[in-house]
Amino acid sequence: MMNSKVRFAPSPTGPLHIGGARSALFNYLFAAHQNGQFVLRIEDTDLERSRPEFEDEIIESLRWLGIDWTEGMLQGGVNGPYRQTERLEIYQQYLKQLLNQGDAYYCFCTQEELEAERQDQLDSGSMQRYSGKCSTLNDQEVQERLAAGIKPTVRFRVPEHKIQVVNDLVRGRVSFESDNSGDFIIAKSDGIPVYNFAVVIDDVLMGITHVIRAEEHLSNTPRQLMLYDALNFIYPKFAHISLILGSDRQKMSKRHGATSLVQYREMGYLPEALFNFLALLGWSPEGEQEILTAEEIIASFTLERVAKSPAVFDMDKLNWVNQQYLKKKTTSELAKMLKPFLSSSEYASDIENMDDLRYGLLVESVRDHLVCLSDVTKYMDVFFREAVYEEEALQALAGDGVLTVLENFRDDLPYFSEPEEIKQFIKATVKKLKLKPKDVYMPLRSALSGQTHGPELPYLISIWGREESIRRINRTIVNIVK
RNA sequence: GGCCCCAUCGUCUAGCGGUUAGGACGCCGCCCUCUCAAGGCGGAAGCGGGGGUUCGAUUCCCCCUGGGGCUACCA
């Protein structure tokens with residue numbers, strides 16, 4: 001198993017999804033674990049839906065997640081090109097071979113005819129598969145149709161009564177009966193090969209030893225195996241990993257909320273957190289530790305520990321994992337990462353006007369609340385908005401000694417105070433007035449912010465500074481306490 | 001409909017014939033605490049059902065049920 005080579009072969013028909021990212025990740029982990037090779041190939045044979053922008057986006061997403069490959073897109077390599085639409089001549093050769101061998105034939109059925117055929121089979125409850133109508137056309141009939149300008153598809157002639165066995169590395173032995181599959185199309189009428197065909201050619205020519213992909217491809221594998229047989233190719237090893245489901249146990253799709261990697265990046269999830277979380281979806285390390293570095297995951301990743309059952313994507317757990325990684329960041333690292341999120345918020349100018357010291361304090365005061373970076377904007381109101389008194393705050397301000405507390409604070413508040421100094425000052429005030437801490441803190445908090453909850457009070461005061469804090473106190477005294 | 005895969009707390013999972021069925025998220029409670037978080041401690045919560053095999057099944061086999069996938073000139 002020393003020279004293993006895997007691949008990830010996305011179709012650029014949309015952004016990189018959670019599911020695709022997980023497949024890419026498992027391939028990456030498998031390769032990295034044994035120092036194998038990893039090819040990134042683009043399967044863009046669906047001309048209708050493939051778009052170059054998506055190709056770029058997928059590649060960028062992989063990079064962002066921390067997934068590297070050793071060959072293929074951007075890296076180059078001796079087995080290129082790595083974009084399927086640039087490999088058309090290659091597929092053509094094998095198509096010709098299959099045609100010559102009699103393992104494939106031209107099919108002139110129109111889409112309407114096929115649709116009608118399918119509908120009939122559906123109505124009569126019989127097996128849904130191609131009837132084989134064109135499989136018996138003789139040379140002359142074929143030539144006539146070609147001469148008439150009909151563009152044929154190419155179908156693979158499925159052998160009869162053959163058992164195809166997939167020795168899957170995660171699922172074990174899975175067998176299929178060839179008779180359950182009709183002659184399937186391997187090249188469309190425009191000459192472009194279809195997935196099941198192109199994937200076989202590419203995997204063989206690129207020397208792929210292990211095909212690790214999502215379970216949805218398990219049922220396609222026997223068709224691919226028949227192609228391997230017809231072309232006299234040696235099978236790679238297969239490993240089909242289970243699907244990722246939404247909370248309703250359906251395959252993840254756009255209606256499950258954020259499903260693309262870019263969305264998570266935009267929300268402010270850390271790539272290392274997603275890397276860790278995705279690795280845990282369908283795989284588990286031996287110990288009980290769940291927060292693991294990429295290196296640790298690579299070191300212990302094996303297909304033997306990959307789960308067979310599908311996994312529901314749990315946003316709560318992702319949030320927790322992300323929080324764990326956020327906590328590891330220093331305040332200055334966080335401050336830097338948070339900037340773009342604040343700069344595009346309504347508080348952009350407020351943040352811009354803050355000096356580094358105060359901005360650092362602000363970050364420190366809200367960091368424990370963050371689940372993802374974009375959350376930061378939810379906690380900015382209290383710093384920059386004029387106090388709007390909540391019911392509980394008004395109650396806290398209605399107490400007996402409130403005015404004394406406020407005036408004492410206002411008159412004795414020291415200059416240039418850092419949170420710790422302010423904390424000491426409040427402590428001293430508590431002592432001096434012979435009150436319970438709460439009877440000092442709550443009136444102050446309420447008077448300053450209009451709320452009974454929020455960031456630690458010493459931080460709030462320090463961030464506002466002496467002048468602003470006194471202004472707020474006075475405003476409350478005049479308007480509320482009187 | 002046919003073929004295939006899957007099945008342990010709500011969720012992610014450990015388990016690979018004998019365990020008080022372990023961990024994590026979430027939830028609940030307590031502690032800490034000016035508040036909200038964070039943190040610490042504790043708790044509730046699971047082997048889908050029925051047959052076998054076995055001295056003994058969560059674990060092995062079969063059936064059922066449930067969920068998912070494939071069945072495209074998509075991948």
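At the phosphate of B:rC4, neither OP1 nor OP2 sits under 4.0 Å from any side-chain N or O atom of A:R173. Using a 4.0 Å cut-off, some side-chain N or O of A:T45 falls inside it from OP1 or OP2 of B:rA75. The phosphate of B:rA14 (OP1 or OP2) has a side-chain N or O of A:S284 nearer than 4.0 angstrom.
Distance from the side chain of A:A311 is smallest to B:rU13 among B:rG39, B:rC73, B:rU13.
When the salt bridge (Lys or Arg N to Asp or Glu O under 4.0 Å) test is applied to A:E407, no partner is found at least two apart in sequence or on another chain.
A:S189 comes within 4.0 angstrom of a base, heavy atoms only. Residue contacts shown for A:E177 are absent, as no nucleic acid heavy atom lies under 4.0 Å away. Within 4.0 Å (heavy atoms only), A:L280 reaches sugar-phosphate atoms of the nucleic acid but no base atom.
Under 3.5 Å, the side chain of A:R171 and the base of B:rC5 form no donor-acceptor pair of N or O atoms. A:E288 contributes no side-chain N or O that forms a donor-acceptor pair with the base of B:rG22 under 3.5 Å.
Of the possible polar contacts, none joining the A:S446 side chain to the A:T452 backbone as a donor-acceptor pair under 3.5 Å is found. Within the 3.5 Å criterion, the main-chain N or O of A:L270 finds a donor-acceptor partner in the side chain of A:N322.
Atom pair A:E117:CD and B:rG2:C1' shows a separation of 16 Å (rounding to whole Å applied). Between the P atom of B:rG68 and the CG atom of A:L243 lies a distance of 11 Å, rounded to the nearest Å. Rounding to whole angstrom units, CZ of residue A:R213 and C1' of B:rG69 are separated by 13 Å.
B:rC25 has no base stacking with the ring of A:W320 when judged by centroids under 5.5 angstrom apart and an interplanar angle below 30°.
In plain terms, the two heavy atoms of A:H240 and A:A214 that are nearest each other are CD2-O, 3.5 Å.
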